[in-house]
Amino acid sequence: MNDQVSVITGSRELPVAVRCGEVSLSEAVTAVDDAEQRLLALHDSVHVPAHPDTEWVDDWLHRAHLSYWAAVGIGSAP
């Protein structure tokens, strides 16, 4: 497998290729191991805050909810 798809970005390419039999077991295991190492590195990174910004997330979720329903014609977006 030439292109290792980043699990972090949520790409579907690797899971679909695995499911279609286009990726060998050893390549799939290697990709999962690599993803685990990247996640562990991010976990230990100083760039990851100690606590989530729940206020920002709550605000974003609220705005996304309003925008969706406004797009389908129910309610109005701020």
Side-chain angles (χ1 to χ4, degrees):
M1 180 169 71
N2 294 337
D3 296 334
Q4 297 255 335
V5 178
S6 173
V7 174
I8 296 169
T9 62
S11 176
R12 296 182 55 227
E13 294 175 28
L14 180 59
V16 170
V18 170
R19 188 168 187 153
C20 292
E22 299 168 357
V23 176
S24 72
L25 177 60
S26 64
E27 289 174 318
V29 169
T30 298
V32 170
D33 288 342
D34 291 346
E36 179 183 23
Q37 292 307 310
R38 288 193 309 273
L39 289 171
L40 289 171
L42 285 172
H43 180 268
D44 297 335
S45 170
V46 296
H47 301 294
V48 178
H51 302 285
D53 186 348
T54 55
E55 184 177 332
W56 181 89
V57 172
D58 286 343
D59 181 56
W60 178 84
L61 285 170
H62 185 246
R63 286 182 284 117
H65 178 82
L66 292 176
S67 294
Y68 171 79
W69 287 110
V72 297
I74 301 173
S76 60

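All heavy atoms count here, side chains included; hydrogens, waters and symmetry mates do not. By convention here, the first residue in the shown sequence is residue 1.
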Distance, nearest 0.5 Å, that separates [atom1] of [X] from [atom2] of [Y]:
X	Y	atom1	atom2	value
Glu27	Glu22	CD	CD	11.0 Å
Arg63	Asp59	CZ	CG	4.5 Å
Asp33	Arg38	CG	CZ	11.0 Å

- Note on the structure: Heavy-atom closest pair (Val18 atom, Ala28 atom, distance to 0.1 Å) is CG2-CB, 4.1 Å

- Query: Can you name the side chain to side chain donor-acceptor pair (under 3.5 Å) partners of Thr54, sequence neighbours left out?
  - Reply: none

- Apart from Trp56 itself, what residues make up its hydrophobic cluster, given side-chain heavy atom links below 4.5 Å? Val57, Trp60, Leu61

